[in-house]
Protein chains: 2
Amino acid sequence: MARTKEFKEDQVLDKAIEIFWHKGYNGTSAQDLVMHLGLSRSSLYDTFGDKQKLFAQSLRRYQKNAQDQIIELFDKSENIKETLHDIFKQAVVESLDDRITKGCFMVNSSIELAMHDEEIAKIVKSNSQKMEEVFTNAVQKGQDLDQISKSNEAKVLARFIFNNYSGIRVLARTGERDKQVYDDIIKALFSVL
Amino acid sequence: MARTKEFKEDQVLDKAIEIFWHKGYNGTSAQDLVMHLGLSRSSLYDTFGDKQKLFAQSLRRYQKNAQDQIIELFDKSENIKETLHDIFKQAVVESLDDRITKGCFMVNSSIELAMHDEEIAKIVKSNSQKMEEVFTNAVQKGQDLDQISKSNEAKVLARFIFNNYSGIRVLARTGERDKQVYDDIIKALFSVL
DNA sequence: CAAATTCAGGAACGATTGTTCCGTATTTTA
DNA sequence: TAAAATACGGAACAATCGTTCCTGAATTTG
């Protein structure tokens, strides 16, 4: 009856994530999308509706990937503190590796759009809540196992950790290339845990 | 000979800061500027050149104001730790007060433009350097006076503090309205100092 | 008064924006 | 083979973008 789809929606979304991440929402034009996604204007609009919907879908996919990755790390972790350290080390590697500094797609989107777009605001809020939950559970587990200091409540530490994570992502976006700056922040952070 | 200027450039810049801060660079149109600044298209372009120049000038003015304010606080401070606490408390008040959540103009601009605009990147970088310097000196002074823990070097703590400051400004921009979240972060932060 | 300068207002610029639509080729399955 | 669905390229849309320019009124100082 019908011709099958020639492209995988998820693969296109991954490319959309790339360009939106790099250039932001307002900085990415429809023409940019057509060129970078490798499909025609018509297919693009037929498949994803419009630019805003494509962006929201990209951000949701990014969110899911990032969350799943962190959740998995904590799940199979035997030492929460070490796992946390790995997560931050990874963020630093990405910040320094990235020839085109992209920071964090979620943080970037928060700042550019959360205030002016309800749907994006919802995604950002749900991300914050989920991350707070995941980090709180992890820290709690770490405290139960005497791997993390009990000087502060799990939720307090979770919010604190997440805040430093955001900060580091901003730093990356500004183009900071001095590894020592990141290491200093992490060193001080872990002196609380 | 000539008619005198009817508007003060600085006052116009303050209004430009407001709208750029709120809507970002790409989100602010020339029409927005004409309406919000209260002067005509022609005067605008005659005085400031173009949109990009006006933005850069606004950001520089914002930077100077923010820096001077913090420098003055540290200069007349008798207890650095308390002053630091005041600075963070103030950031929280602004985050919660602001009916239209604006976050930090410098952080917002970093994320939106630093990567794509050299001049903005320069401003952001000079701001980071100056802030690191100011915070390092303050922390050093606090350590000398036994007001701040010596468990970490002054520069390490300075970078750490600034990182949390950035994080909090991102949080504000996402529209977080729960004071407890901010207080938790600050509580954990100050357990290091 | 006269020259000089500054303003507002608005028309107009070409370029780019996001989006729609059409014609046609391609591929699938009944 | 016929029908259905998909994808493509490109033309075209109105709207908005940043910017330039012109006119005329207002105000200042020589």
Side-chain angles (χ1 to χ4, degrees), chain A residues 1-60 108-109 112-113 115-120, chain B residues 1-60 108-109 112-113 115-120:
Chain A
M1 319 235 285
R3 180 175 173 178
T4 54
K5 291 226 172 199
E6 286 189 6
F7 56 86
K8 305 279 169 53
E9 278 203 21
D10 282 352
Q11 290 178 1
V12 175
L13 279 182
D14 283 339
K15 291 193 176 177
I17 289 173
E18 273 186 15
I19 190 165
F20 279 135
W21 190 349
H22 177 48
K23 303 183 118 190
Y25 178 79
N26 285 312
T28 304
S29 69
Q31 190 57 33
D32 288 334
L33 290 169
V34 168
M35 294 186 310
H36 195 265
L37 267 51
L39 48 79
S40 68
R41 252 180 174 62
S42 25
S43 303
L44 204 168
Y45 277 87
D46 282 351
T47 311
F48 298 102
D50 59 20
K51 185 181 161 185
Q52 197 276 345
K53 282 178 191 145
L54 174 59
F55 185 90
Q57 220 170 317
S58 303
L59 187 58
R60 268 189 291 263
N108 298 354
S109 304
E112 186 184 5
L113 300 174
M115 226 171 60
H116 304 101
D117 185 314
E118 269 196 46
E119 193 175 3
I120 303 300
Chain B
M1 322 238 292
R3 180 175 174 180
T4 53
K5 290 225 171 200
E6 286 188 6
F7 55 86
K8 306 274 169 58
E9 278 203 21
D10 283 350
Q11 290 178 2
V12 175
L13 279 181
D14 284 338
K15 291 193 177 177
I17 289 173
E18 274 185 16
I19 190 164
F20 279 135
W21 190 350
H22 177 50
K23 305 182 117 192
Y25 179 79
N26 286 313
T28 304
S29 68
Q31 190 56 33
D32 287 335
L33 290 169
V34 168
M35 294 189 309
H36 196 265
L37 267 51
L39 47 80
S40 67
R41 250 179 175 65
S42 27
S43 304
L44 204 168
Y45 278 86
D46 282 351
T47 311
F48 298 101
D50 59 19
K51 185 181 162 186
Q52 198 275 346
K53 283 178 190 144
L54 174 59
F55 185 90
Q57 221 170 315
S58 303
L59 188 58
R60 269 190 290 264
N108 298 353
S109 303
E112 186 184 3
L113 300 174
M115 227 170 62
H116 308 288
D117 185 313
E118 268 195 47
E119 193 174 2
I120 303 301

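The chains referred to below are lettered A, B, ... by the order of the sequence lines, with proteins before strands, and numbering in each begins at 1. Predicted model, so just to flag it, every value in this text is computed and none were measured.
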Review point. In whole angstrom, what separates B:Leu37's CG from C:dG9's C1'?
Key: 16 Å
Point to revise | Chi angles and distances behind the side chain to side chain contact (heavy atoms under 4.5 Å, CB included) call for A:Leu54, A:Leu37 | key: CA-CA 12 Å; A:Leu54 174 59; A:Leu37 267 51; 4.1 Å; yes
Check your understanding: Does B:Leu13 offer a backbone N or O that forms a donor-acceptor pair with the side chain of B:Gln57 under 3.5 Å?
Key -> no
Exercise for review: Grab the NZ-P distance between A:Lys23 and C:dT16 for me, whole Å please.
Suggested key: 13 Å
**Study point:** Value in whole Å for how far the P atom of C:dA8 lies from CG of B:Leu44
**Key:** 10 Å
Review point. Are A:Glu18 and A:His22 side-chain neighbours, meaning at least one heavy-atom pair lies under 4.5 Å?
Key: no
Study note, to complete from the structure: Per-nt protein contacts along nucleotides 9-19 of chain D (heavy atom under 4.0 Å; B base, S backbone sugar-phosphate only, - none) come out as BBB-----SSB
Review point. Could you walk me through whether A:Leu113 and A:His116 pass the side chain to side chain contact (heavy atoms under 4.5 Å, CB included) check?
Key: CA-CA 5 Å; A:Leu113 300 174; A:His116 304 101; 5.8 Å; no
**Study point:** Rounded interatomic separation in angstrom, taking CG from A:Asp46 and P from C:dC22
**Key:** 13 Å
**Study point:** N/O donor-acceptor pair under 3.5 Å between A:Asp14 side chain and A:Gln11 backbone
**Key:** no
Check your understanding: Going by the angle between their ring planes, with limits at 30° and 60°, are B:Tyr25 and B:Phe20 parallel, tilted or perpendicular?
Key -> parallel
